[in-house]
Amino acid sequence: ACCSYRLRDALHPLWQSPLTIPGGTRQSPINIQWRDSVYDPFLKPLKISYDPTTCLHIWNNGYSFLVEFDDSTDRSIIVGGPLENQYRLKQFHFHWGAINEWGSEHTVDSKFYPAELHLVHWNAVVYPTFEEAVMEGNGLAVIGVFLKLGAHHEGLQTLVDALPAVKHKDTVVEFDVFDPSCLIPSCPDYWTYAGSLTTPPLTESVTWIIKKQPIEVDENQLEAFRMLLFTSDGEEEKRMVDNFRPLQPLMNRTVRSSFQ
Ligand SMILES: NS(=O)(=O)c1ccc(S(=O)(=O)NCc2cccs2)s1
Ligand SMILES: [Zn+2]
């Protein structure tokens, strides 16, 4: 009976792939139950050093919009935190809802935020290519930052102003100088756990580093995300909203915190 349920996996409309990976033991996203997270005094501060000139372009890939970086050198990296190596910045993207009541992928004490930023890095010390790192348990490190409704975010606005140029799936616009550090909250506190990509190939290769403090963005900025389309030019328009994966079981995992 147990295995047949796996065969009946529901197909999620957005991902056209099973919602659960057969045999998956470390899938993402998860609910972070604050009181169940375990303070780890050996966790180091996360060191972030990005070179804004490594920014290349913005691309609507039909799931989200990605800001991609030149990852051919170690000019934009993170090190420390739970990581044993330094990791190179590859891209960042967001997940958001149709309304402000939901949109984030991770939740904290079952609370959704209206959106969540993911900065994707790969272990170029150990693996020769990003594609290989995506398949390995310690291949990727993703920093998650929650967005909450509040004050206008100056740094995000330069990105928002470029979104009309990537309204449709598979459109790209040049975006040549941007420092994603402006999107990361000043508070150093984070949770960390072993997880997966939340879109195909859903591989269990991600060390998640979820910042405790959200950043504030205003309603107009969230609405700008919601005017993007899943669909290509000429197709029947489908607004790009609710591009977050459902919560996955924690299974045999502990979420560690860098703070008491
Ligand atoms: N939401 S998330 O941060 O968990 C991500 C989902 C997919 C990501 S990717 O940038 O690694 N692209 C996946 C791949 C591209 C080419 C080979 S695999 S990051
Ligand atoms: Zn993501």
Side-chain angles (χ1 to χ4, degrees), residues 12 14-21 24 26-32 54-72 76-78 81-83 87-97 102-107 112-124 126-147 159 166 169-170 172 180 183-184 190-211 214-215 225 228 230 240-248 253 255:
H12 190 282
L14 187 55
W15 281 277
Q16 300 311 318
S17 67
L19 268 184
T20 55
I21 290 291
R26 52 174 279 192
Q27 288 290 294
S28 295
I30 59 169
N31 174 51
I32 296 169
T54 57
C55 190
L56 293 173
H57 52 250
I58 307 175
W59 170 40
N60 177 333
N61 72 347
Y63 288 118
S64 179
F65 65 93
L66 314 181
V67 181
E68 298 205 289
F69 289 78
D70 169 6
D71 60 348
S72 60
S76 289
I77 57 155
I78 58 172
L83 305 171
Y87 286 65
R88 267 185 209 168
L89 176 65
K90 167 92 179 156
Q91 54 103 327
F92 69 81
H93 63 274
F94 297 81
H95 304 261
W96 60 91
W102 59 72
S104 59
E105 295 216 294
H106 293 87
T107 54
F112 282 96
Y113 285 88
E116 184 173 333
L117 159 65
H118 290 157
L119 296 127
V120 181
H121 309 76
W122 61 284
N123 186 343
V126 173
Y127 304 110
T129 66
F130 167 77
E131 284 70 17
E132 282 174 84
V134 167
M135 309 310 287
E136 302 294 335
N138 64 344
L140 302 181
V142 181
I143 298 176
V145 179
F146 294 117
L147 276 63
L159 190 49
V166 288
K169 177 181 176 189
D170 293 333
V172 185
L183 299 174
I184 299 175
Y190 62 85
W191 290 283
T192 183
Y193 77 96
S196 74
L197 297 178
T198 65
T199 67
L202 300 171
T203 44
E204 298 185 331
S205 55
V206 181
T207 299
W208 281 95
I209 299 167
I210 308 287
K211 300 291 283 185
I215 58 170
F225 287 12
L228 294 170
F230 283 129
M240 184 180 274
V241 293
D242 298 334
N243 56 355
F244 56 93
R245 189 190 190 194
L247 290 172
Q248 302 296 308
R253 291 181 283 183
V255 177

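Counting convention: from 1, in listed order, for ligands and their atoms alike.
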- Task: Around atom 7 (C) of ligand 1, find the nearest protein heavy atom and jot down its residue, atom name and distance.
- Result: T199 OG1, 3.2 Å
- Message: Can you tell whether the side chains of R88 and D71 come within less than 4.0 Å, N to carboxylate O?
- Response: no
- Query: Is the backbone of F94 close enough, under 3.5 Å, to the side chain of S64 for a donor and an acceptor to pair up by distance?
  - Reply: yes
- Task: Could you check atom 10 (O) of ligand 1 against the protein and tell me its nearest heavy-atom contact, residue, atom and distance included?
- Result: Q91 NE2, 2.8 Å
- Task: Name the closest protein heavy atom to atom 13 (C) of ligand 1, giving the residue it belongs to and the distance to 0.1 Å.
- Result: P201 CD, 3.9 Å
- Any heavy atom of S28 under 4.0 Å from ligand 1? The part involved is neither
- So between N61, V120, L117, whose heavy atom ends up nearest atom 19 (S) of ligand 1? V120
- Message: One residue to check: V134. Relative to ligand 1, which of side chain, backbone, both or neither has a non-hydrogen atom less than 4.0 Å away?
- Response: side chain
- Message: Pair H57, V166 - check side-chain contact (heavy atoms from CB on, under 4.5 Å), show working.
- Response: CA-CA 10 Å; H57 52 250; V166 288; over 6 Å; no
- Identify the closest protein heavy atom to atom 5 (C) of ligand 1: which residue and atom is it, and at what distance? L197 CD2, 3.7 Å
- the Zn ion (ligand 2) as vertex, arms to NE2 of H95 and NE2 of H93: angle to 10°? 110°
- Query: Under 3.5 Å, side chain of E132 to main-chain N/O of Y127, donor-acceptor pair present?
  - Reply: no
- Task: Identify which one of I210, L117, V206 satisfies the side chain to side chain contact (heavy atoms under 4.5 Å, CB included) criterion when paired with V142.
- Result: V206
- ligand 1 versus Y63: contacting region, heavy-atom distance under 4.0 Å: neither
- Message: Less than 6.0 angstrom separating the ring centers of W208 and H118, yes or no?
- Response: yes
- Message: Quick check against the 3.5 Å criterion: does E105 have a side-chain atom that pairs as donor or acceptor with the backbone of P29?
- Response: no
- Task: Could you please spell out the steps behind the side-chain contact (heavy atoms from CB on, under 4.5 Å) verdict for F244 and E116?
- Result: CA-CA 9 Å; F244 56 93; E116 184 173 333; over 6 Å; no
- Provide the number and element of each atom of ligand 1 under 4.0 Å from a heavy atom of W208. 3 (O), 4 (O)
- Identify the closest protein heavy atom to atom 4 (O) of ligand 1: which residue and atom is it, and at what distance? T198 N, 2.9 Å
- For ligand 1, find out whether one of its N or O atoms is nearer than 3.5 Å to an N or O atom of H93. yes
- Is a side-chain N or O of W96 found less than 3.5 angstrom from the main chain of M240, in a donor-acceptor match? yes
- In ligand 1, the atoms that come under 4.0 Å of a heavy atom of H95 are 1 (N)
- Kindly give the atom name of the N, O or S atom of H118 closest to the Zn ion (ligand 2). ND1
- Message: The test is side-chain contact (heavy atoms from CB on, under 4.5 Å); show your working for N60 and F230 and say whether it passes.
- Response: CA-CA 8 Å; N60 177 333; F230 283 129; over 6 Å; no
- Name the option, out of F244, F94, F92, F130, that contains the heavy atom nearest to atom 12 (N) of ligand 1. F130
